[in-house]
Amino acid sequence: MSQTNYDLARGREMLECMERIRAFELTAKRAAVDEQLVLGAIHLSVGQEAIPAGLMRHLRTDDLLLSTHRGHGHTLAKGAPAEAMMKELLGREGGSCGGKGGSMHIADFGVGMLGANGVVAANITIGAGAAHGIKLLDKIRGDDRICVDVFGDGAINRGPFLEGLNWAGVFDLPVLFVCEDNRYSATTKTSDMTAGDGAAARARSFGIVTHEVDGNDAEAVTDLTAQIVARIRETRRPEFLHAKTYRLDGHTYFDPAAYRPAGEAEAEAQRSDPIMRQRSVLAAAGMSQDELTAIHDAAQAEMAAALDEARSAPWPDDATVFDDVQDLGSPAREAF
Amino acid sequence: MSQTNYDLARGREMLECMERIRAFELTAKRAAVDEQLVLGAIHLSVGQEAIPAGLMRHLRTDDLLLSTHRGHGHTLAKGAPAEAMMKELLGREGGSCGGKGGSMHIADFGVGMLGANGVVAANITIGAGAAHGIKLLDKIRGDDRICVDVFGDGAINRGPFLEGLNWAGVFDLPVLFVCEDNRYSATTKTSDMTAGDGAAARARSFGIVTHEVDGNDAEAVTDLTAQIVARIRETRRPEFLHAKTYRLDGHTYFDPAAYRPAGEAEAEAQRSDPIMRQRSVLAAAGMSQDELTAIHDAAQAEMAAALDEARSAPWPDDATVFDDVQDLGSPAREAF
Amino acid sequence: MKMTYAEAAREALAEAMREDPTVWAVGEDLGRGGVFGQYKGLREEFGEDRISDAPISEAGIMGAAFGAAMVGTRPVVEMRFADFALCATDELVNQIAKARFMFGGQSRAPMVIRKPMGLWRSSAAQHSQSLESWYAHIPGLVVACPSTPQDNYSMMKQAVACDDPVVYLEHKDIWLSEGQVDRAENLPLGKARIRREGGDVTVVSWSQACNLAVEAADALKSDGLGVEVIDLRTLWPWDKDAVMESVGRTGRLIVAHESVQVGGFGAEVVAYVAERMAVKARRLGAPRSLIAYAPNLENQVRVTADMIADAAREICQ
Amino acid sequence: MKMTYAEAAREALAEAMREDPTVWAVGEDLGRGGVFGQYKGLREEFGEDRISDAPISEAGIMGAAFGAAMVGTRPVVEMRFADFALCATDELVNQIAKARFMFGGQSRAPMVIRKPMGLWRSSAAQHSQSLESWYAHIPGLVVACPSTPQDNYSMMKQAVACDDPVVYLEHKDIWLSEGQVDRAENLPLGKARIRREGGDVTVVSWSQACNLAVEAADALKSDGLGVEVIDLRTLWPWDKDAVMESVGRTGRLIVAHESVQVGGFGAEVVAYVAERMAVKARRLGAPRSLIAYAPNLENQVRVTADMIADAAREICQ
Ligand SMILES: Cc1ncc(C[n+]2csc(CCOP(=O)(O)OP(=O)(O)O)c2C)c(N)n1
Ligand SMILES: Cc1ncc(C[n+]2csc(CCOP(=O)(O)OP(=O)(O)O)c2C)c(N)n1
Ligand SMILES: [Mg+2]
Ligand SMILES: [Mg+2]
């Protein structure tokens, strides 16, 4: 790995991104477990950080992203500020969604992040549609954005997977579908409930150019997605990425995940933790232990500060409760 | 085709079946157009008769069948009496569903026909579930039935296609999915709205054994489905049949189908009308023109008689209006 | 100008599309004019991107149109039959209706969701439903039920211009009904139309049932009975002031609708009024039963002009 | 015997499964006991065929269970959250509710469709809904809303035994609430339970809101106010006789429910009574707004025991 032309800056950037995601989520988990500060369920992407870290760096701020209930990593990597996100998890004023959405509905339209989703697979058609909107706007006034639409391995068993992929194929839309395959659908092994060869095989049946990648290898992810993103930007046609990974934590932060075979998670943590792997890559490329530690510490410090800010932020103003429901017939005027 | 061991009885049986289906539908169409006797929309399977004629003969009466809005042919071939079906199309007493369903909800549980469906693709999951029920009952008391679940090419673009096939694959169910691909989804060319290689490719992506057949060749259909049905009866595992055919009539009986390329329907009628083809096969195998005419005439006479019976049948008894909604809270007791 | 109900909506949509290039329509078979001819000729004028066909994929249509709405286009979604729209319920209720709020105001879903509804010549249980009360119950949605060509023109224009998702329920039985359309007329969404004035009893209705109420009112005039017919036009927001004012005068209220009475929106209207004043009230809706194919059975669950007239006579005794 | 609301339903299901081998349950994650532990231990006793996992595939679960019901099994369908059940609306409303009628009585759909509903600790807009009024509006469906362990035991047993499809709405906030369960108790579906007797005002409610109504009634007793609390238990059929009898005595009616007031089932109850007698009526439901994540905002759309008590005091003035 100490090839001469290894791009250290790029490798470092990805490690920073992954460390930030992990620090954000573990900080949030502690805030949930120790202080009961996080209100609803949160779903951690611990172990899956290489995918957003490798992919999102190829996107422009105005490119679009849709994600799932497990969406903190994508959102951070797309450029959303951690402090607003943490406030959202705590349901506070200044949160990404003003405290109205929480973790499962986190969104930051300012950086093109059009929302996590509480309904598995629902974002697949919506993301195809966002790309459809881009295509229509392109004809009106020029628009070269692309859309990235992320979902889990469990989502491929719901109808919107079919309807969304078919839509993108039929209308030739600039969207990258990403299946983050962490092997589990909540407490169920996805393979037990999935017929056939899974995500990539299904995607190919729609005639969509399909790729597979070790989703715990940030370098591989970023190499592959560099090409994919460039091609979609150019061709304006959909592609599909099946990224294999592993969920090191439980389904939710309070899930002990006792249903996993003994030792499985431990072995994976040893073998394939993307942060450990990226640290090794960087160390081999000459980065010092101190630098690695500094990256880790910076991420921790950032998220600790974000939590401090969030902890001391006020609740949303009661008066906002009826805002943003609808204009016509708004509950602010007529609630009953 | 005059091979020595051609099974003339079998070939004749299929022609009879196809003639009956066509006679039923064209009689119903005349009753609709000339006499306004048919009340709702009816969807004719003219040109598609070889599929039910070839397939259903392998099923036992207690095997199950689910179908679509274009379900007269399947229902007749499964053994439902034409007279009750015609009465149903006319909304009369003695109709298959007591006049409550009409063409799109035709059903005859006595011959295992669990219903046509007015919602495209809805029967795909329901049929998988019927097979699931068989599997559960098999463990309780022995049950070796199988289920045949038919749908059109347009149905493969709705979510239940994915959810039904995945279900059948995951739970290993004795169901044969049949996609009757007549190239059109109402007034739209299905290929324009379908990404990828279509039904068979998608079915294979679920790991389901998949076959393709010229659905206008009754002999080919029955040869292939003989094996398929026997195998499903044995293995209790799902299979998939993509049957290519062509809808010679409009989407509904009142659709002039002007959206089709000029000459397309005429050319297909010449080339691939399954009844014409089967007549040629039988003629080559030695059947006389008189016999062929007799088969045709018998079918016409049967359906003319069925229409006569239906025409003179009374409307359903007004008193049945609240029957069979529900037991608890039945509208017969409390409608408001 | 005289137009049919279908033509009025088509005209309104065509005008909106001429004015705003981000307006587009999507649904099955639209390129051939739509199942009821309500898009006839639009493909020719606007091309296949803006009068877009779709796969048989109601969830896909609804979900994709929502995505396209969030990025700044204004989709008009055609569901073909209101019944099929049930295939896209998550998309409408969990996503479209809630996104703006859940995301703290960051997004909008300016969409018109067309759902042709109602009884229509032996269409049977899966092609005849009227579920307007469902949508009135869902925060985030506007619910429109035009009953005349005039309203199908002006309400369609307003619905396309509206930044909220509008569930737009046209009645299948009146596509061909004709009426005068004044393009300048501009009664806002949320305002009722008094279709007949009268002092004895207030009949509140919407959609095709309101046309029956008008018939009943006209018939009763010769009996000397003054029936005020209020066409709500939208169920959310609905014009409580108009209803309260009228019932304040008449003291008698009938709400007539084609949909099932139990849990129908008539209950909301009666309950709202009864909470606020003493009133003689009566609902006329369908029995809580299913819609059959045979016409004699279908007719048994139908609210008719005669039934409305009888109820008006009775309540005035 | 003391049980929690979750245990009571589990016990009832286990007993039904022991008695009838055709009863089975299917849903995501059931093998590990279900998301709320309401299937805990059942996999061990009944095996994976009868406590069946499922793909994330609500439409598949609902459609497949319906098919299996038509061939003679009795599925209990778990939707996890009532909100996700919207992904299977066509299957429930167009298929399950209508098949028996459309097919002229040839088929049955003996199913229990479990949909955990309601507000539950900052679950936000997509995981908190109460849509019971939707299902009450759909002919063919029975709608059950148990509020106590006793009812979650006996109503579950009756629902499994019922030959109609039963939409069974458990409230997520009371899974762990404890109460006495008498296995022999057998108040039929369709009959209300008078949870408190009183002569001044009738409060009609169901599900968790009814527990709040009971709290309010108890609190008002010391004020000398007699609040009769009627737990409807099922919204279809609903016990009109019990309500009419009670309101006939008190002349005052409050209907309290957690769901959105506009188009909620409270409207049906008030309208039904107001059509038949002069009554002072008042509904207490949620504003027609969305449910937020932040607890202070979430609380603003919550109907509380205090609000019910205040409304009772006010209506009795
Ligand atoms: C339609 C729907 N069904 C069920 C759920 C409950 N649920 C939330 S996350 C989840 C597992 C999703 O698995 P996967 O798609 O693999 O994503 P992961 O959680 O592994 O990231 C489930 C079943 C839901 N949110 N939406
Ligand atoms: C969910 C749904 N969407 C739309 C329709 C209207 N519709 C009825 S038949 C049909 C075309 C179906 O095409 P296909 O599946 O190929 O069957 P075919 O009519 O060709 O036999 C459509 C769109 C419907 N019945 N259900
Ligand atoms: Mg997963
Ligand atoms: Mg077709």
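Computation of the quantities below employed the complete heavy-atom set of this structure, encompassing side-chain atoms and omitting hydrogens, waters and symmetry-equivalent molecules. In what follows, every chain begins at residue 1, and chains take the letters A, B, ... in the order their sequences are listed.
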Heavy-atom pairs under 4.5 Å with chain A, option from B:Gly207, B:Ala203, B:Ala195 with the top count: B:Ala195

Contact class of A:Arg204 relative to chain B, heavy atoms under 4.5 angstrom: neither

Enclosure of B:Asp197 CG (heavy-atom neighbours >12, cutoff 6.0 Å): no

A:Glu163 side-chain N/O to B:Gly159 backbone N/O, donor-acceptor pair under 3.5 Å: yes

Heavy-atom proximity to chain A below 4.5 Å, by part of B:Asn157: both

Heavy-atom proximity to chain B below 4.5 Å, by part of A:Asn166: both

B:Glu264 atom CD: more than 12 heavy-atom contacts under 6.0 Å: yes

Chain A interface, residue from B:Ala200, B:Ser205, B:Pro160 that has the most non-hydrogen pairs under 4.5 Å: B:Ser205

CE on A:Met193 to CH2 on B:Trp167, rounded to 0.5 Å: 8.0 Å

Side chain to side chain contact (heavy atoms under 4.5 Å, CB included) evaluation trace for A:Leu162 with B:Arg202: CA-CA 10 Å; A:Leu162 179 149; B:Arg202 292 187 190 180; 4.3 Å; yes

Top contributor to chain B contacts, counting heavy-atom pairs under 4.5 Å, from A:Asp192, A:Ile156, A:Thr194: A:Thr194

